[in-house]
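Just so you know, these numbers use all the heavy atoms, side chains as well, and skip hydrogens, waters and symmetry mates. Just so we're clear, the structure is a prediction, and the values are computed from it rather than from any experiment. A note on names: the letters A, B, ... follow the listed sequences, proteins ahead of strands, and every chain is numbered from 1.
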Amino acid sequence: MSEINKPLNFIEKIIEEDLKTGKITKIQTRFPPEPNGYLHIGHAKSIVLNFGLAQKYQGQCNLRFDDTNPVKEDIEFVESIKKDVQWLGFEWQDEVKYTSDYFDQLHDWAVYLIEQGKAYVCDLNQDETRKYRGTLTQAGQNSPYRSRSIEENLNLFSQMRAGDFDEGHCALRAIIDMSHPNMQMRDPILYRIKKVSHHQTGDKWCIYPSYDYAHGQGDSIERISHSICTLEFEEHRPLYDWFIENLPVPSTPHQYEFSRLNVNYTITSKRKLKQLVDEKVVDGWDDPRMPTISGLRRRGFTPQSVRKFCELAGVTRTDGVVDVATLEFTVREDLNENVPRAMCVLNPLKVILTNYPEDKVEILHAPGHPFKDGFTPRVLPFGREILIDQADFREAANKKYKRLVIGKRVRLRNAYIIEADAAIKDADGNIIEVHARIIEDTVGKNPTDGIKAKGVIHWVSAADNIDCEIRIYDRLFTQAEPEAGGADFMQCINPDSLKIIKGCKVEKAIAIDQREVQYQFEREGYFIQDSQDSHTDKLIFNQTISLRDTWAKINKS
RNA sequence: UGGGCCGUCGCCAAGCGGUAAGGCACCGGGUUUUGAUCCCGUCAUUCGUAGGUUCGAUCCCUACCGGCCCAGCCA
């Protein structure tokens, strides 16, 4: 509703024009992943675009697995992809579709092309094919098999299908133009022999259609109105159109290209992501440092935040690199609004409140959320011994430091104001505990002597808390563009991308029985219980993102 | 060096002949029991460069410069 003034992106403009002129009456899009790996943030943009457009214009979007190359694909990936699309919050139309659903039709159309004298079986091997194709600046040469008769081609193609030839022995090619300046038009391959079984069609086929031959026809069969893909497919468009024009297809879809999403300090290449997994730089495809959808999910990013990020990035034809800070902004924005608060001390330092009775325990209260209703209020046991973070105490400090300092006061969040008296040290001079006093009657109010506390720190009861492990993540790469100029991204892996902190103490009130519960641990950041390794007897939280930290900047300067 | 595409603030991105939206980041200030949030405010006399057309150009023309993609029986 608040988007009335939001400018349309170029695809939306095309759609609105098509709708206005009556060129089309219903928007139909599709998200066509190849099930050969896990989806990443770049795919998220395509998903948000395709499903989003269908939603916006009351059309529909198909999920279609582009499964034309069984040697690289696996059913494992179709399952993870379905899960990721659903997690992002989208629903595809009808059943999941597969390009392989159309193998029969595609085959018949290939025969049709042969009958029209527009396709031939070529016996050139891969090496020869490359040589005949020419180069970027030199025209190619016609294959010596290009002029076979229709009958011979029909025969050969049926033998190909029957499995009479070995892999690589021959291929079906379109007859277009070997001297075309667009390399894609130099008699592209339609079918190749691959004697492998397919995750959907089993052993029915030993020839498989190429992407170029299959994609547009699949779009046509599904009545796709706008076939949206990334820029690198732009030079395939004339070929896409050639098939649509030369085949008796049921509809005439059109391809539009947009620039793919790049994010700094990360990589979005299935091959390179796989390398990180294979070489154990990360724990797996869903490692919280991975830019995969499953990694983002495990890290604690929400579907809304990922969608918002994709929308913020925009849809254009300009190559660009979006700042990862934008993604961090969208998660913080979402989590701040929708996640309950709790206190967790990462690096505990004991504080003994010397004027507080030894056996007294008070029950203090805190809201589940500072500015939204509907969150369960918290109950905080308060006693003589509490834990604060080591970073929140200094023996002496200048005025800018607004935390606990000897002789100074600080507010314990949701509790008393305290004043520090002494730091107790061990033989090596390390501070092992702090002696302090509470200022009476300061829960929920300021002291009567008028001396307020400068700052607020978080704490947890020393006697009554839950132990947990916290995993802090940092960017995986030290360079903003790990892939720039063909650089070796493995050379700029951040050695400190994962920091594990054990012995953290979190308040009792948290819901440890729920997997993937998220909290803002006040003054620290947003955390989510790890979906793989956390158990009720061994709690583990992943830091999704820290809070914005102005103090860190001040402290540095 | 053949063909295609792209160049507006540090990063995204509107604008499409009438005199530079917005978001992120950054930097100031205010509120605050999270140094968070929230709220205000600053932030492109200039649109890759050079010419040209025009009363007027980021928008039109020309040339140049820079970047990306294409020579898989991958998608």
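One finds no side-chain N or O of A/R332 lying less than 4.0 angstrom from the OP1 or OP2 phosphate oxygen of B/rU37. Note on A/K13: a side-chain N or O is less than 4.0 Å away from OP1 or OP2 of B/rG15. In this model, the phosphate group of B/rA75 is approached by a side-chain N or O of A/R192 to a distance below 4.0 Å at OP1 or OP2. Here A/R317 reaches the OP1 or OP2 of B/rC6: one of its side-chain N or O atoms lies under 4.0 Å away. For the pair A/R130 and B/rC73, the criterion of a side-chain N or O lying under 4.0 Å from OP1 or OP2 is not met. Checking the phosphate oxygens (OP1, OP2) of B/rG72, a side-chain nitrogen or oxygen of A/R133 falls inside 4.0 Å. Residue A/K553 places at least one side-chain N or O closer than 4.0 Å to OP1 or OP2 of B/rC26. Taking 4.0 angstrom as the limit, A/K194 places a side-chain polar atom (N or O) nearer than this to OP1 or OP2 of B/rC74. Regarding contacts with the backbone of B/rC12, every side-chain N or O of A/T318 stays at 4.0 angstrom or more from both OP1 and OP2. Contact between the side-chain N/O atoms of A/T550 and the OP1/OP2 oxygens of B/rA36 is found at a separation under 4.0 Å. Dashed line: the shortest gap from a side-chain N or O of A/K454 to OP1 or OP2 of B/rU33 is not under 4.0 Å.
Whole-Å rounding puts the A/F329 CZ to B/rG23 P distance at 9 Å. Rounded to whole Å, the distance from OH on A/Y208 to P on B/rA75 is 12 Å. One can place CG of A/D212 at 13 Å from P of B/rC70, the figure rounded to the nearest angstrom. Taking atom CG on A/L8 and atom C1' on B/rA21, their separation rounds to 14 Å, with Å as the unit. Straight-line distance from the CE atom of A/M185 to the P atom of B/rG2: 20 Å, rounded to whole Å. In this structure, A/R413 places its CZ atom 14 Å from P of B/rU37, rounding to the nearest Å. Note: CH2 (A/W459) to C1' (B/rU34) measures 15 Å, nearest angstrom. One atom, CZ of A/R341, and another, P of B/rA36, lie 13 Å apart when rounded to the nearest Å.
Between the side chain of A/H458 and the base of B/rA36 there is no donor-acceptor pair of N/O atoms closer than 3.5 Å. Side-chain atoms of A/R411 and base atoms of B/rU33 include a donor and an acceptor less than 3.5 Å apart. If you check distances only, the side chain of A/E235 does reach the base of B/rG3 with a donor-acceptor pair under 3.5 Å. Not a single donor-acceptor contact under 3.5 angstrom links the side-chain atoms of A/E524 to the base of B/rU34. A donor and an acceptor atom sit less than 3.5 Å apart, one in the side chain of A/R403 and one in the base of B/rG35.
There is no side-chain donor-acceptor pair under 3.5 Å between A/N555 and A/K400. Side chains of A/S227 and A/R30: a donor-acceptor N/O pair is present below 3.5 angstrom, by distance only.
Applying the Watson-Crick and G-U wobble criteria (two distances, each under 3.5 Å), B/rU19 pairs with nothing in any strand. Summarising the base pairing, B/rG41 is matched to B/rC27 through a Watson-Crick or G-U wobble pair whose two defining distances lie under 3.5 Å. Pairing for B/rC5 goes to B/rG67, judged as Watson-Crick or G-U wobble with the two contacts each under 3.5 Å. B/rU62 and B/rA50 make up a base pair, with Watson-Crick or G-U wobble contacts both under 3.5 Å. Look at B/rA13: it lacks any Watson-Crick or wobble partner with both distances under 3.5 angstrom.
Side-chain contact check for A/S46 versus A/I228: every heavy-atom pair is 4.5 Å or farther apart.
Residues A/E234 and A/Y401 each lie close to RNA chain B; by heavy-atom proximity, the contact nearer the 5' end of the strand is made by A/E234. Residues A/D319 and A/R548 both approach RNA chain B. Their nearest nucleotides, taken by heavy-atom distance, put A/R548 toward the 5′ side.
Stacking annotation: A/W551 is stacked on the base of B/rG35 (ring centroids less than 5.5 angstrom apart, interplanar angle below 30 degrees).
Classification of A/R378 and A/E522 as a salt-bridged pair holds, one side-chain N sitting under 4.0 Å from a carboxylate O. Remark: A/E333 engages A/K308 in a salt bridge, criterion side-chain N to carboxylate O under 4.0 Å. Salt bridge annotation for A/D127-A/K131: present, with a cationic side-chain nitrogen under 4.0 angstrom from a carboxylate oxygen.
Taking the syn range as angles within 90° of 0, the glycosidic angle of B/rG30 is outside it, so the base is anti.
When atom types are taken as modelled, the side chain of A/E73 and the backbone of A/P35 share no donor-acceptor pair closer than 3.5 angstrom.
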